[in-house]
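Computation of the quantities below employed the complete heavy-atom set of this structure, encompassing side-chain atoms and omitting hydrogens, waters and symmetry-equivalent molecules.
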Amino acid sequence: QVQLVESGGGLVQAGGSLSLSCAASGRTFSTYAMGWFRQAPGKEREFVASINWSGGSTIYGDSAKGRFTISRDNAKNTLYLQMNNLKPEDTAVYYCASYRGRALVAGTQFVEVWGQGTLVTVSS
């Protein structure tokens, strides 16, 4: 069973940057795709980005395109999300998730394990 632990959340001013990490354990990291999601207060969980097993393919949600970058380091069993030009509407709890297989997918349908989340707050 995969275990996921996010880190890197915090308070940042609008226009600033933040980098999130997700440490994985329990199963060979390179055998599954990964994703980032977020959930703002009172809203549904939203897809942010996903990456295939090798890191060679990615998909971004509309809110992340052009500002966020998803990456992974299979040697370190870690997933990353670099967030630039942050906006107050990016304020949310950010979750990493593992998918069932290696292929690139988007959305929640094939998510197998969720992390506990890390809070990102963007002040105006």
Side-chain angles (χ1 to χ4, degrees):
Q1 179 73 341
V2 174
Q3 293 87 44
L4 304 172
V5 179
E6 301 97 333
S7 61
L11 175 64
V12 63
Q13 287 188 332
S17 298
L18 207 59
S19 181
L20 305 182
S21 298
C22 173
S25 61
R27 196 173 116 207
T28 303
F29 189 58
S30 60
T31 62
Y32 50 92
M34 293 287 295
W36 285 101
F37 296 78
R38 68 185 186 184
Q39 189 166 19
K43 295 188 176 182
E44 293 187 353
R45 193 164 296 191
E46 175 190 11
F47 170 75
V48 175
S50 61
I51 189 167
N52 76 332
W53 69 277
S54 67
S57 298
T58 57
I59 299 176
Y60 291 93
D62 288 342
S63 62
K65 289 178 182 176
R67 298 188 300 127
F68 295 1
T69 302
I70 187 172
S71 62
R72 65 189 295 163
D73 186 336
N74 287 348
K76 295 183 178 180
N77 296 339
T78 303
L79 175 74
Y80 303 99
L81 184 68
Q82 177 64 41
M83 303 185 292
N84 298 328
N85 190 23
L86 284 161
K87 306 174 182 179
E89 51 264 43
D90 294 317
T91 294
V93 176
Y94 283 72
Y95 299 89
C96 66
S98 64
Y99 287 101
R100 291 180 193 152
R102 296 187 176 196
L104 182 65
V105 293
T108 61
Q109 183 177 0
F110 298 106
V111 168
E112 188 170 57
V113 177
W114 294 95
Q116 85 287 350
T118 186
L119 177 62
V120 172
T121 303
V122 184
S123 63
S124 57

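Atoms CG and CE, from N74 and M34 in turn, are 10.0 Å apart once rounded to the nearest 0.5 Å. With values rounded to the nearest 0.5 angstrom, R72 atom CZ is found 9.0 Å from W53 atom CH2. Taking OG from S21 and CG from L79, the interatomic distance works out to 8.5 Å, rounded to the nearest 0.5 Å. To the nearest 0.5 Å, atoms OG (S19) and CG (N84) are separated by 9.0 Å. Between the CG atom in L18 and the CZ atom in F68 there is a gap of 9.5 Å [rounded to 0.5 Å]. Here the SG-OH distance, from C22 to Y94, works out to 15.0 Å after rounding to the nearest 0.5 Å.
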Assess the residue pair R67 and Y60 against the criterion (side-chain contact (heavy atoms from CB on, under 4.5 Å)); give the C-alpha distance rounded to whole Å, side-chain angles, the decisive distance to 0.1 Å, and a yes or no. CA-CA 10 Å; R67 298 188 300 127; Y60 291 93; over 6 Å; no
Does L104 form a side-chain contact (heavy atoms from CB on, under 4.5 Å) with S50? I'd like the steps, not just the answer. CA-CA 7 Å; L104 182 65; S50 61; 3.6 Å; yes
Show the numbers, then the answer: is there a side-chain contact (heavy atoms from CB on, under 4.5 Å) between Q1 and V113? CA-CA 8 Å; Q1 179 73 341; V113 177; 3.8 Å; yes
Taking it one step at a time, do V120 and M83 satisfy side-chain contact (heavy atoms from CB on, under 4.5 Å)? CA-CA 10 Å; V120 172; M83 303 185 292; 3.9 Å; yes
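Taking every heavy atom of both residues into account, P88 and A14 meet most closely at CD-CB, 4.1 Å. Of all heavy-atom pairs between F37 and Y99, the closest is CZ-OH, 3.4 Å. Contact record, N52 with A33: CA-CB, 4.0 Å, taken as the closest heavy-atom pair. The minimum heavy-atom distance between L11 and S123, with the atom names listed, is CD1-CB, 4.3 Å. Nearest approach of W114 to R45, heavy atoms of both residues: CE3-NH1, 3.1 Å. Here the shortest heavy-atom pairing between C96 and L4 reads SG-CB, 3.7 Å.
With contacts defined as side-chain heavy-atom distances shorter than 4.5 Å, the pair Q116/V5 qualifies. Side chains of E112 and Y32 form no contact here, defined as non-hydrogen atoms less than 4.5 Å apart.
A donor atom on one side chain and an acceptor atom on the other are found under 3.5 Å apart for S63 and R38.
The backbone N or O of V122 sits less than 3.5 Å from a side-chain atom of T91, completing a donor-acceptor pair. Remark: side-chain polar atoms of E46 are not paired, donor with acceptor, to backbone N or O of E44 under 3.5 angstrom. In this structure, the side chain of Y80 does not engage the main chain of T69 through any donor-acceptor pair within 3.5 Å.
The hydrophobic cluster containing V105 also contains Y95, counting ILVMFWY residues as joined when their side-chain heavy atoms lie under 4.5 angstrom apart, directly or transitively. Cluster annotation: F110 and V2 are assigned to distinct hydrophobic clusters (Ile/Leu/Val/Met/Phe/Trp/Tyr, side-chain heavy-atom contacts under 4.5 Å, transitive). F47 is not connected to L20 by any chain of hydrophobic side-chain contacts under 4.5 Å among Ile, Leu, Val, Met, Phe, Trp and Tyr, and they are in different clusters.
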